[in-house]
Protein chains: 2
Amino acid sequence: MRISEVAAATGLSVDTLRFYEKIGLIDPPPRDGAGRRVYDDAVLAWIRFIGQLNATGMKQADRVQYARLRAAGDSTLRARREMLEAHREVMRAQMVTLQETLLLLDQKVDFYRELEGRTKNV
Amino acid sequence: MRISEVAAATGLSVDTLRFYEKIGLIDPPPRDGAGRRVYDDAVLAWIRFIGQLNATGMKQADRVQYARLRAAGDSTLRARREMLEAHREVMRAQMVTLQETLLLLDQKVDFYRELEGRTKNV
DNA sequence: TTACGAGCTGGAGTGCACTCCAGCTCAAGC
DNA sequence: GCTTGAGCTGGAGTGCACTCCAGCTCGTAA
């Protein structure tokens, strides 16, 4: 796949893909005769995964760290697992905050509806 | 309360409190004889609330918008309710992403444990 | 064969959300 | 009465995560 195809398939921009490569989040792909990047399909799954880490609040630096471990091979399995476990705990905490805030917003929305009803009748 | 006390009570820095005032997220409090800000206790609940909006991913600009509506009084009840309802939907989507990613991380962690066990036995 | 578009590089620019700084005033304790 | 420290202002600086740009090279279609 060419870079524009990867961009289309992932929703990232071409610039972002090159940027991710520069910071070490994506492995530098091989090039064709004209020096253009040629991506393997497997990159799509990887981009999707780092997208999920991103969407759940993992920082760039940590994603880069994870990518580096991944690139380093089997000796980093334990370290990778520990990173994922740590992130899992962060996510659980986020979930709690979300749930609390959802509840609070439900209350506030109800309260606003009340007041709206009342002011309409004045 | 003085600004340092509000900072201590909320976990925000003094600079951040003044910054929030500058951008309209916190109402400018009255000043004492020496020109120092004097806060009402009620600000603590408000700061806590905007902190929750922040923690659940609401953008600064939207929080400022909400603060402006709030300052404008009862005629904005409907608009405020609608903002909270919109944010509630964003949060529900976040929750789904979190849950999906949690599941995925559980699988990955298990998988890594498997591999670790295996490589240990080689 | 020439025009076009995709891709390349290094580096500058952007937007967000703070964070820090210089240089000032003031109040209170010693 | 002098020092210390908290607070004040306007403005500059920071870190993150992109995003854009100039100026170049290629490969393909007309």
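Every chain is numbered from 1 and lettered A, B, ... according to where its sequence line falls, protein lines coming before strand lines. Since the structure is predicted, the reported quantities are computational estimates derived from the model, not experimental observations.
Between Ala71(B) and Asp27(B), the shortest heavy-atom contact is CB-OD1, 4.3 Å.
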**Request:** Can you check each nucleotide of nucleotides 4-22 of chain D against protein heavy atoms at under 4.0 Å and return B for base, S for sugar-phosphate only, - for none, in 5' to 3' order?
**Result:** ---SSB-------SBBB--
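Contacts classified as salt bridge (Lys or Arg N to Asp or Glu O under 4.0 Å) and involving residues 35-46 of chain B (residues at least two apart or in different chains) are given here: Glu21(B)-Arg37(B), Asp32(B)-Arg36(B).
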N/O donor-acceptor pairs under 3.5 Å from side chains in residues 51-61 of chain B, not counting sequence neighbours:
unit_1	atom_1	unit_2	atom_2	d
Gln52(B)	NE2	Thr101(A)	OG1	3.3
Asn54(B)	OD1	Arg63(B)	NH2	3.2
Thr56(B)	OG1	Gln52(B)	O	2.8
Thr56(B)	OG1	Leu53(B)	O	3.1
Thr56(B)	OG1	His87(B)	NE2	2.9
Gln60(B)	OE1	Arg63(B)	NH2	2.9

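Residues Glu85(A) and Arg113(B) are paired through a salt bridge, judged by an N-O separation under 4.0 Å between the basic side chain and the carboxylate.
Within the 3.5 Å criterion, the main-chain N or O of Thr16(B) finds a donor-acceptor partner in the side chain of Ser13(B).
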